[in-house]
Amino acid sequence: MTSNTNNSNYSNGNTNISSLLDRDGGDTNSGNVDFIFNSNQRLSITQQRIALPIYQYRKHLLYLLETNQTVVVVGNTGCGKTTQIPQYLHESGWTDGYRTIAITQPRRVAAISVASRVATEMNEELGHTVGYSVRFDEKVSAEHTRIKYMTDGMLIREMMLDPLLSKYPVVMIDEAHERSLATDVLLGLVKKVQGRRKDLKIIISSATMDAELFKQFFNNNITNDKSKDTAAIISIEGTNYPVDVHYLEQPTLNYLDTTLNTVIDIHNLQPPGDILVFLTGQEEIDKMVSSIQDRVDAQQQQQKGNKMKVNVLPMYSGLSINKQIRVFEKSGDPRKIRKIVVATNIAETSITIDGIVYVVDSGFVKIKSYNPTSGLESLVVVPTSQSSADQRAGRAGRNRAGKCYRLYTQDAFTKLPVHSIPEIQRSNLAPIILQLKALGIDNILHFDFISPAPTISLVRALEVLYGLGALNDNGQLTQPTGHIMAEFPVDPSFSKMIIQSEVLGCSKEVLSIAAMLNVQGIFTNHNHKARREFIVKEGDHLSLLNIYNAYTSKSSNGKTSAGPWCHEHQINHKAMQRVVQVRKQLEAYCHKYSIKVVSCLTNAAIKDATIPIRKSIISGFFTNAAHLQPDGSYMTIRDKHKLFMHPTSVLCSLANSPEWVLFHDVTITTKEYMKDITIIDPKWLYEMAPHFYVYEK
DNA sequence: GAGCACTGC
């Protein structure tokens, strides 16, 4: 992880919110166009661009793109690839004839911020020559936009309208080494397009370790003659400083104790410089933050250790924006106060914190895992991969030479997997299989994924899609149901439930429930207090609807009382605003496909309005039905999996446990818990999913 | 009576 140390373009210490965004292009520090060199000399935009490491490779890169179909660009954050390559292509004629370069990003903030940065560099308004396209937000001009930043999910969606990507002479897939689900799908898709469009150029931006994998995936040369390769790799030297990596001599039994001791040792023995600690989750991090603070306080009271003050801060995505921003603020004079940030993996990929000199790596990460047999997704703590560990270490070398303390032995490091398991190998594949079907990919089992999706996950996904009525007996997309389901920007279970709700006359209510379930972090306290204040005895889905309706009665028609109302009921206002936005988008899709938005509450013919709503939910989530057992637990009907009711469910407060329930999802902690649960009549299962449940007397 | 890594359409 060492690289050249003789570059001089380190920036000054200003930090602001734009540091939230982990971008290359030299702006990781100030986000302003004018960033300041150590000589305090302000440079013109042109001078800044020329100073970026990638500039020296400009000609070579353009040459490789002329002579290859695919170019893999390897370069650290900071080398300028994301902001500069599209401009080089634009300047050298690739966008002539009203053509556009597409650059995909795994995250929406990144797409927007890079587009904004590049527009500024080109002295243009955003949305003219340079634009972006992300969910809920788009700034592009059909006529003028030549460089378009977008999320990878958005480009997949565009392919439904234009399968050959005919607008684009070049597609650049950025941050491909992160191997997100959407990136992996996109890699397979663009390779397929390249087979039909020899003129389509692909640029993959990747970290060092994966470059060869990407090259081989796109290389069409079947001979041994390397001069006939159709893919090439170019390495850009980065701007990172060397990082000294330290390992434990003996493995630790308790990585949390070792983390605490290591942080205190660094603080007492090492020169000024901020510390970044990698742990696995919220609870762990909050505890560690107070332990570190307590230890430092204690030793200062005894007048021992380092007299420097500390500013210990947590960082994880569940934190409110205001608290997240504190991580990027200067703590004060770095000689007098040391900032210690305790973070999840969010600090490995999504954000860059300035001024970090020491990294403490626990060696663990919490990731999503999927069990195709039970169909359940859960979160598990696992050791990191080598590339992940190197990425973490690199966070210490952004401003000057740094140190990384790995809380495991060097031997253990060599035994770690080189790469993390790509998301596609640990996810429920039903949503992406449906999208691929809609893109005309018939033989899913033979789709060319860069890393193969597990066959059992594929089979399970096909089975669920068939059960939902999206695929017919021949595995083809049904008309119009399957096509409509693929278009909706939610998982197929949700789109099925929405389509069904029109038939049952309750689409207005079901849209609200779908939107509520699609937004995270609605409740601001642990026990979900508001659920009980808005309890509906049939269960959580209807209680969520009740909360949504109560919220909109406060927020609609220009009323301004929604904020205080949210605060009073311990509901996250930002999350509710997003619910409204998601619901609006879903309703727009309903109008597009002539799905009537009707209410069952105003329909006098419906005696119990909760019944059509609950039946609609079953039509999408019929796999998640469970039956009460004598010991108070539940057993899934499908594969006899033992589950418990989560204490935040409103059904927990009932005197008697309901016999039959439907749950939205499962979380595995001390036990396996069902979350968002609704009481059902088992007869409805046969009614709504006859192909899945057979009636037995 | 528990507590949720990170994203995206």
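So you know, we letter chains A, B, ... as the sequences are listed, proteins then strands, and number each from 1. The model shown is predicted, which means the values in this text are computed figures rather than measured ones.
Taking atom CG of A/D152 as the reference point, atom C1' of B/dC6 lies 13 Å away to the nearest angstrom. Going from atom CG of A/D174 over to atom P of B/dT7 covers 17 Å, rounded to whole Å. For the pair A/Q105 CD and B/dC9 P, the interatomic distance rounds to 12 Å; values are reported in whole Å. Across the protein-nucleic acid pair, A/Q282 atom CD and B/dA2 atom P stand 17 Å apart, rounded to whole Å. Nucleotide B/dA5 holds its P atom 21 Å from the CD atom of A/Q391, rounded to whole Å. Protein atom CE of A/M645 is 14 Å distant from nucleotide atom P of B/dG1, rounded to whole Å. In this structure, CD of A/E283 is placed 14 Å from C1' of B/dG1, rounded to the nearest angstrom. Rounded to an integer number of Å, the gap from CG of A/N428 to P of B/dG8 is 19 Å.
For A/N518, the side-chain atoms get nearest to B/dC9 when compared with the rest of B/dC9, B/dT7, B/dA5. The side chain of A/R107 has B/dG8 as its nearest neighbour among B/dC6, B/dA2, B/dG8. The A/K366 side chain lies nearest to B/dA5 when the options are B/dA2, B/dA5, B/dC9. Comparing B/dA5, B/dC6, B/dA2 by their nearest atom to the side chain of A/Y673 picks out B/dA2. Nearest to the side-chain atoms of A/T670 among the listed nucleotides B/dG8, B/dA5, B/dA2 stands B/dA2. The listed nucleotides are B/dC4, B/dC6, B/dC9; the one nearest the side chain of A/H528 is B/dC4.
At a threshold of 4.0 angstrom between heavy atoms, the contacts of A/K287 with the nucleic acid are absent. When heavy atoms are screened at a 4.0 angstrom cut-off, A/Q520 is found touching base atoms of the nucleic acid. At a threshold of 4.0 angstrom between heavy atoms, the contacts of A/T648 with the nucleic acid are absent. Residue contacts for A/V381: at a heavy-atom cut-off of 4.0 Å it reaches no nucleic acid atom on any strand shown.
The shortest distance between side-chain heavy atoms of A/T100 and A/V140 does not fall below 4.5 Å.
Phosphate proximity of B/dC6 to A/S350: absent, as no side-chain N or O sits under 4.0 Å from OP1 or OP2. Proximity of A/T151 to the phosphate of B/dC9: a side-chain N or O atom is located under 4.0 Å from OP1 or OP2. A/Y316 has no side-chain polar atom (N or O) that falls below the 4.0 Å cut-off from OP1 or OP2 of B/dC4.
When all heavy atoms are compared, the tightest approach of A/D286 to A/P314 is OD1-CB, 4.0 Å. The shortest heavy-atom contact between A/P431 and A/P492 is CA-CD, 3.7 Å.
Taking the six-membered ring where tryptophan is involved, the planes of A/F488 and A/Y589 are tilted, since the angle between them lies from 30° to 60°.
DNA chain B is contacted by both A/Q585 and A/G521; A/G521 maps to the nucleotide lying nearer its 5′ end (nearest heavy atom per residue).
Every residue meeting the ring pair (Phe, Tyr, Trp, His ring centres under 6.0 Å) condition with A/Y255, not counting sequence neighbours, appears here in chain and number order: A/F364.
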For a quick test of your reading: what N or O donor-acceptor pairs under 3.5 Å do the side chains of residues 641-650 of chain A make, sequence neighbours left out?
from, atom 1, to, atom 2, distance (Å)
A/H641, NE2, A/E672, OE1, 2.8
A/K642, NZ, A/D631, OD2, 2.9
A/H646, ND1, A/T648, N, 3.2
A/H646, ND1, A/T648, OG1, 2.8
A/S649, OG, A/D540, OD2, 2.7
A/S649, OG, A/L651, N, 3.1

